[in-house]
2 protein chains.
Amino acid sequence: MTAAIGLSDNHIQAFLRSSQDSSGLLAQYGVRMVYARGEEIYAQEEDADLIYQVVSGGVRTSRLMSDGRRQIGAFYYPSDVFGLERGVEHRFSAEALGDCVILVGKKAALNLAAGHDAVERFVSQAVAQDLSRMQDHLLLLGRRTACEKVASFLLDMADRAKGNTAELIMGRQDMADYLGLTIETVSRMVTQLQAAMIVEFPTCRQFAVRNRPALQRLGG
Amino acid sequence: MTAAIGLSDNHIQAFLRSSQDSSGLLAQYGVRMVYARGEEIYAQEEDADLIYQVVSGGVRTSRLMSDGRRQIGAFYYPSDVFGLERGVEHRFSAEALGDCVILVGKKAALNLAAGHDAVERFVSQAVAQDLSRMQDHLLLLGRRTACEKVASFLLDMADRAKGNTAELIMGRQDMADYLGLTIETVSRMVTQLQAAMIVEFPTCRQFAVRNRPALQRLGG
DNA sequence: CGCGTGTTTGATAGCAATCAAGTTCTGTGG
DNA sequence: CCACAGAACTTGATTGCTATCAAACACGCG
């Protein structure tokens with residue numbers, strides 16, 4: 001799983017533990033939890049001031065409408081912090097994409113243990129990242145075509161993996177619910193991008209970027 | 001303008017100034033600025049740690065793609081705080097919808113003047129609201145039909161005005177760019193909702209909710 | 001009153017959803 | 001190791017919603 005972004009578990013642990021900045025906060029004071037594929041990490045209506053950080057595996061946040069339509073809010077990879085979006089009442093739930101390890105900490109407890117400032121820096125940095133990603137997501141959903149959505153998504157995944165190849169930790173349905181498309185349309189666009197020699201999928205969960213400029217023209 | 005949400009400027013001033021909570025922070029320590037209709041409050045690439053609060057009038061945040069497509073991130077009404085979305089680099093710009101008055105404060109200066117805790121409470125509350133609204137917006141853009149989008153929007157506007165009537169501070173193009181639709185489709189859906197006796201538009205900027213349950217069934 | 005901007009309405013086209021099979025992949029048990 | 005069942009993915013045919021193109025209509029303002 002961690003191989004998907006090109007880092008070993010050891011590297012990530014080292015990074016999470018580094019105390020130069022506040023990014024190791026949860027590694028020091030959080031509780032380590034293990035979730036199985038599909039398991040719920042928190043529910044749509046539950047309320048608590050918990051902060052989460054991915055160690056290995058991946059997480060999605062999602063919201064289900066009464067008629068079954070679903071929107072995925074974001075995908076989180078190792079080192080990403082999530083669970084911040086639940087202010088007064090939170091509206092999205094979080095689920096494990098595959099088997100994964102998550103660090104969990106209570107904000108109030110972290111304040112006591114690590115100091116108010118460190119927690120604030122930690123949280124506000126995570127919030128800034130979340131807001132920024134969410135803005136990109138808004139533009140994607142509102143103003144891009146199906147082809148652009150998929151291109152943009154693959155570009156984003158490749159960038160997170162810091163390379164031209166990446167392993168997708170989610171299936172087509174999750175991609176569709178993130179992009180505001182149907183599973184069939186996602187599949188067709190992937191086929192189309194492959195036919196255009198822009199990306200290559202050895203398997204449906206792995207891909208390589210073959211023509212990055214073209215991909216950027218579509219999705220950047 | 002302030003009449004749009006059913007509060008006089010005096011009421012708003014009183015509210016903004018109240019020192020029981022941190023909501024009067026900018027009223028005490030911020031600078032009062034006046035912007036004309038359409039004027040830019042901050043640009044897409046500019047970077048500064050300024051916080052803004054609407055006193056009267058309204059504000060939109062928007063992002064423009066190179067080919068002219070535009071996505072509006074949010075609309076802000078009197079007492080709303082904005083400008084928080086610009087973490088590392090901010091991607092949206094903010095413009096005045098009509099002539100409006102805005103309070104502006106530098107975060108660093110506010111920390112000195114009002115204390116770290118007060119500023120943090122102020123900011124984190126505003127961030128929570130922003131995140132929550134943004135999540136609703138994501139669902140709206142990704143998984144709702146044109147009719148549902150417009151219904152949801154009108155419901156939201158009526159709720160913000162705390163009543164069954166409201167004055168829209170934005171035109172059809174702004175609505176369209178917020179909802180991820182074209183101006184023609186927005187217009188058609190408004191006509192349709194009117195024909196169904198669900199809402200009524202005396203003028204294109206004013207409306208009354210006639211059948212709230214029906215509107216909620218569509219947009220809730 | 002006439003112009004310009006903003007909105008509505010109409011006709012048509014096109015993209016993505018839906019409905020419907022196939023095909024590949026994955027995990028399990030023989 | 002192979003055979004099989006179920007799930008996930010892909011492909012095809014068709015429909016339908018929303019965009020696009022085009023024109024008429026309202027409203028505010030000089």
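In the text below, chain A, chain B and the rest are named by the order of the sequence lines, each starting its count at 1. Remember, predicted model here, so these are calculated numbers, not experimental data.
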For A/S124, check side-chain contact (heavy atoms from CB on, under 4.5 Å) against everything at least two apart and list the hits.
-> none

Partner residues of B/A36 under the side-chain contact (heavy atoms from CB on, under 4.5 Å) criterion, sequence neighbours left out | B/E39, B/D99

Does any pair with a residue in residues 201-220 of chain B pass side chain to side chain donor-acceptor pair (under 3.5 Å), and if so which ones, sequence neighbours excluded?
-> B/D159-B/R212, B/N164-B/R212, B/E200-B/R210

My understanding is that only residues two or more places apart in sequence, or in another chain, count here; which of them pass side chain to side chain donor-acceptor pair (under 3.5 Å) with [X]?
X	value
A/S152	none
A/D130	A/Y76
A/D80	A/R160
A/S187	none

Inter-end axis angle, the helix from C/dC1-D/dG30 to C/dG30-D/dC1, with every axis fitted to five base pairs (rounded, 10 degrees) | 40°

So the salt bridge (charged side-chain N to carboxylate O under 4.0 Å, His left out) pairs with at least one residue in residues 54-76 of chain B (sequence neighbours excluded) are A/D136-B/R63, A/E148-B/R69, B/R60-B/E95, B/R60-B/D174, B/D67-B/R69, B/R70-B/D174, B/R70-B/D177

Mark up nucleotides 19-30 of chain D, 5' to 3', with B wherever a protein heavy atom is under 4.0 angstrom from a base atom, S wherever such an atom reaches only the sugar-phosphate, and - elsewhere.
-> SBB---------

What protein N or O atoms touch nucleotides 7-9 of chain D N or O atoms at under 3.5 angstrom, if any, and at what distances?
residue : atom : partner : partner atom : Å
D/dC9   : OP1  : A/R172  : N            : 3.3
D/dC9   : OP2  : A/R172  : N            : 3.3

Contacts of type ring pair (Phe, Tyr, Trp, His ring centres under 6.0 Å), residue A/Y35, not counting sequence neighbours | none

